[in-house]
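Step one of this worksheet: look at the structure below.
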Amino acid sequence: IQSPSNPVDYPAAIIEFGANPATIVAGESTNLFWDVAGAASISIDHGVGLQSGSYVTVSPAATTTYTLTATNAAGSVTRTVTVAVTPAVP
């Protein structure tokens, strides 16, 4: 009889990583959101840092590609999303 595999034997899974809205005007904010399974930690680059919830609000000054990294004992997986920033109209 084999025992069930330990869940930490499998890398975390990033089910979804997105931005709402994906395009903003300079000076506005957007929400980065994600659905991650099996992660011990979740972090986002560009100074966003470690996250414990399912979304974070960011205000990039220029078009930025964010990378989410989900990590557990089996390793790390990543996914990216780009927030497009258009100039403000005077």
Side-chain angles (χ1 to χ4, degrees):
I1 299 174
Q2 293 183 340
S3 61
S5 295
N6 187 333
V8 297
D9 292 342
Y10 300 96
I14 301 172
I15 300 158
E16 184 177 24
F17 181 41
N20 186 25
T23 301
I24 61 172
V25 174
E28 293 182 347
S29 299
T30 185
N31 288 323
L32 303 180
F33 63 91
W34 55 88
D35 185 3
V36 174
S41 69
I42 298 168
S43 64
I44 301 173
D45 64 353
H46 293 289
V48 179
L50 287 172
Q51 299 298 309
S52 59
S54 60
Y55 74 96
V56 65
T57 302
V58 295
S59 300
T63 297
T64 303
T65 299
Y66 292 92
T67 300
L68 180 145
T69 302
T71 304
N72 68 10
S76 298
V77 292
T78 62
R79 186 168 300 178
T80 61
V81 66
T82 299
V83 176
V85 179
T86 60
V89 177

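Ser43 pairs by the side-chain hydrogen bond (donor to acceptor under 3.5 Å, both in side chains) definition with nothing, not counting sequence neighbours. For Thr57, the side-chain hydrogen bond (donor to acceptor under 3.5 Å, both in side chains) partners are Asn31, not counting sequence neighbours.
The ring-ring contact (aromatic ring centres under 6.0 Å, His included) contacts involving residues 68-90 comprise nothing, where partners must be two or more places apart or lie in separate chains. Legend: side-chain hydrogen bond (donor to acceptor under 3.5 Å, both in side chains) pairs involving residues 80-90, not counting sequence neighbours, sorted by first then second residue: Thr65-Thr82. Every pair tested for ring-ring contact (aromatic ring centres under 6.0 Å, His included) that includes a residue from residues 70-89 fails, sequence neighbours excluded, so the list is empty. Here side-chain hydrogen bond (donor to acceptor under 3.5 Å, both in side chains) pairs that include residues 13-30, with residues two or more places apart or in two chains, are Ser29-Ser59.
In terms of heavy atoms, Ile15 sits closest to Arg79 at O-NH1, 3.3 Å. Contact record, Ala12 with Asn72: N-ND2, 3.3 Å, taken as the closest heavy-atom pair.
Connectivity analysis of hydrophobic side chains (ILVMFWY, heavy atoms under 4.5 Å, direct or indirect) links Leu32 to Ile14, Phe17, Ile24, Trp34, Val36, Ile42, Ile44, Val48, Val56, Val58, Tyr66, Leu68, Val77, Val81, Val83, Val85. Applying the under-4.5 Å side-chain rule to Ile, Leu, Val, Met, Phe, Trp and Tyr, the cluster around Val25 consists of that residue alone. Hydrophobic cluster membership for Phe33: Tyr55 (Ile, Leu, Val, Met, Phe, Trp, Tyr linked by side-chain heavy atoms under 4.5 Å, directly or transitively).
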